[in-house]
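Here's the structure we're looking at; comments come further down.
Numbered from 1 within each chain, the chains take letters A, B, ... in sequence-line order. Small disclaimer: the values here were computed from a predicted structure and weren't measured.
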Amino acid sequence: MSLSRPANDSLRRAGVWLLLCSGLLAMVLTALCWGPVKISAAQVFSAIAGLLQAQPLDGANDWIIRELRLPRVLLALLIGAGLAVAGVLTQGVFRNPLADPGLIGVASGAALAAVAVIVLSDSWLLHWASLTGPLALPLAAFAGGLLVTWLMYRLGTWRGETQVAMLLLAGVAINVLTGAATGVLTYLADDQQLRSMTFWSMGSLAWGRWPEVAALSGLILLPLLLCLRYGRALNAMLLGEQVAGHLGLDVQACKRWLLAAAALMVGAGVAVAGVIGFIGLVVPHLLRLLVGPDHRLLLPMSALAGGLLLLLADTLARNLIAPQDLPVGLLMALIGGPLFLSMLLHQVRGRMG
Amino acid sequence: MNTATPLLSCPPPDSHLIRQTAVPPALLTVANLNVERHGAKLLQQVSLALAGGERLAILGPNGAGKSTLLKCLSGEIGDYRGHMEFGRQPLQHLSSSQRAQRIAVMPQHTDMLFPFRVHEVVAIGRTPFADEQTSLEWQRQAMQLTECWHLRDRRYPGLSGGEQQRVQLARVLVQIWQALDQPQRNNPDRSHLLLLDECTSALDPAHQHSIMNAVNRFAAAGVGVIAVMHDIALAASWADKVLILKQGKVAYLGGREGLNDPRLLALAYDLPADLARRYANSNQLWCQ
């Protein structure tokens, strides 16, 4: 409970903006240079210049930058931003800082739908796969995420008030259920499908190439940019749906659209990279400690910080046991799990005492 | 409970309306309002009129329909029968944002887990106008009026219940602060309404009265004020008019001196006669 003056607040906000932007630039450069093959910054710049001028590939390092590392970096930024902003949205709508899309089962719902598409695309879901083509996986993940979000909303909300204990317990149940269903599908899968699924279910950016980047930039950036306009509405909604209504908001419409946007961003991320948890929990939490809970700041800052965090985690995952690729989802869970536990204790004890 | 006890004979609401509205133009009129939920009649034939600057206290036992009436006025309940007119047009003709620019509502309690500072919570009150940055002076005055200016940099979740209530009242008042700045007593298109739902329940007596004095500044500027209250003495000391609801019906509508009548209190609250007499006696003191 610090008692700093508002002037201090705005200075701190400027500092956080500066830190995020410079950190992001430095991290992108580091991620492009650092890997099993060391590449100098000069070479990185010339490779990017070559890409922008549409010059043909020039040597192995050029190929590594342009076809492997750059799309992977962009993918990390997009997915990280989407997950963090989705976290801000679900926490705002459910009015609780613990309501992370991963914890309440949105991500595992999306994962189940995506696994179903992988395993059943040549049998039960043949029509779906042929109908939607390359978008089969992201769309299915979006639908799965949306379904779970809706279900959680019905389960966890009673008379307009969200019961966080109910929300988290229902999230446990949903995670168990989707886990079991995913297990059944795993059992049905053949060898080839199995190998892709195992790696994917732990969360990894290893398969990010340009087509994935292109698909995700639409599916994540569009809802993300539209959400930025809802900062004021989310602030009002934190005071309760009743109060938000008195302040002139169409609360039901806001809620529906914000939750759909969150499900879309999570689903799109899951479809490409699998389940990467805790970004939606860690990033908004840290930013609230630094700049306060005002959503007009929290939304854009979370987008930058989420991208930065996932890029950092992925760069570490790529290099810690190189040339092996550690699934970044595991790394995030190792960081996020203890933090979640401490937040939970803080909230429960704060309530009781 | 359908065999309702015959309510105390009081002047029929209609004649009362005519008498009151003849002088100043009515800011708000409610005529024959009925609300039903799951077959239960929450409000039956409720009528009232309020002029700009008038202060109305709504009293009644638990479950009498006080909050339901307030929710109809604040737009939360839309499926009522009857007619409500605000500033010479039907209330439901106002869009939700127009309504928010002219009607401010103070809920019973507001809890929030997010660590907003007090001045940020108050600034949320300007959401309908989107002018949080340019109305800083009004926000300061609102916080000073409700005695929470010294709390402005504290985190809202760490405040006591009474402090939170004062912060919420500052947020609600700043929402219609323009009514103080440009009093519109005679222009019904610019009139404002302040709805309070037990806004002093967590406050000590000193704060209760200073908060009601703060609210009086809005009444003096021509804002109609309607407050749901549990504290009969506070109503007797504050209100211009009193509405007592019982089982969804109007049991009394008139001046606050009605609260001096032990028979009315006994009927409205099902009080034993000796208790009702004591309340009436103390109300008499407050009314002076």
Side-chain angles (χ1 to χ4, degrees), chain A residues 1-10 88 91-92 94-99 159-162 164 229-254 284-285 287-298 343 346-348 350-351, chain B residues 67 70-71 73-78 94-133 136 150-159 164 167-168 171-172 174-176 195 197:
Chain A
M1 300 290 155
S2 69
L3 268 165
S4 56
R5 305 276 106 183
N8 213 342
D9 277 3
S10 56
V88 174
Q91 287 152 22
F94 289 125
R95 302 181 59 214
N96 197 293
L98 293 179
R159 293 182 178 169
E161 295 293 315
T162 302
V164 75
R229 298 178 47 227
Y230 283 77
R232 184 175 274 126
L234 276 164
N235 283 348
M237 283 169 74
L238 290 189
L239 292 174
E241 293 180 14
Q242 213 187 358
V243 172
H246 297 155
L247 289 168
L249 294 177
D250 185 348
V251 180
Q252 297 307 320
C254 266
H285 178 68
L287 284 175
R288 275 190 210 103
L289 289 180
L290 286 173
V291 300
D294 185 343
H295 282 87
R296 284 169 297 171
L297 280 173
L298 203 56
M343 283 172 71
H346 186 75
Q347 205 179 91
V348 170
R351 277 264 173 97
Chain B
S67 292
L70 214 62
K71 280 180 182 164
L73 295 171
S74 69
E76 279 168 74
I77 291 179
L94 290 176
S95 72
S96 55
S97 65
Q98 283 172 329
R99 189 202 315 267
Q101 295 188 353
R102 293 173 56 190
I103 302 180
V105 188
M106 170 84 183
Q108 269 183 39
H109 71 106
T110 307
D111 72 337
M112 181 177 59
L113 283 170
F114 290 78
F116 274 110
R117 291 188 199 283
V118 164
H119 69 86
E120 291 175 311
V121 174
V122 174
I124 292 176
R126 294 304 294 176
T127 300
F129 301 88
D131 63 353
E132 295 91 338
Q133 295 305 316
L136 290 173
H150 62 290
L151 302 171
R152 61 190 177 280
D153 288 323
R154 293 268 300 276
R155 304 278 184 191
Y156 181 81
L159 302 180
Q164 291 189 347
V167 173
Q168 289 300 333
R171 168 185 69 75
V172 170
V174 86
Q175 186 179 345
I176 53 167
L195 306 176
D197 195 352

Side chain, backbone, both or neither: which part of [X] has an atom under 4.5 Å from a heavy atom of chain A?
X: B:Glu132; answer: side chain
X: B:Gln101; answer: neither
X: B:Arg171; answer: side chain
X: B:Ala104; answer: neither

Can you name the closest pair of heavy atoms from [X] and [Y] and give their distance?
X: B:Gly125; Y: A:Leu247; value: O-CD2, 3.9 Å
X: A:Pro293; Y: B:Phe114; value: CB-CB, 4.1 Å
X: B:Pro107; Y: A:Val243; value: CG-CG2, 3.8 Å

Nearest-0.5 Å distance, [atom1] of residue [X] to [atom2] of residue [Y]:
X: A:Asp250; Y: B:Ser95; atom1: CG; atom2: OG; value: 11.0 Å
X: B:Ile124; Y: A:Leu238; atom1: CD1; atom2: CG; value: 7.0 Å
X: A:Arg95; Y: B:Met112; atom1: CZ; atom2: CE; value: 8.5 Å
X: B:Thr127; Y: A:Leu239; atom1: OG1; atom2: CG; value: 8.0 Å

Is it true that A:His246 and B:Gln175 share a donor-acceptor pair across their side chains at a distance under 3.5 Å?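 Their side chains do not contain a donor-acceptor pair, so the 3.5 Å distance test is not met.
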
Could you give me the CA-CA distance, side-chain angles and deciding distance for A:Asp294 and B:Glu120, then say whether side-chain contact (heavy atoms from CB on, under 4.5 Å) is met? CA-CA 8 Å; A:Asp294 185 343; B:Glu120 291 175 311; 4.3 Å; yes

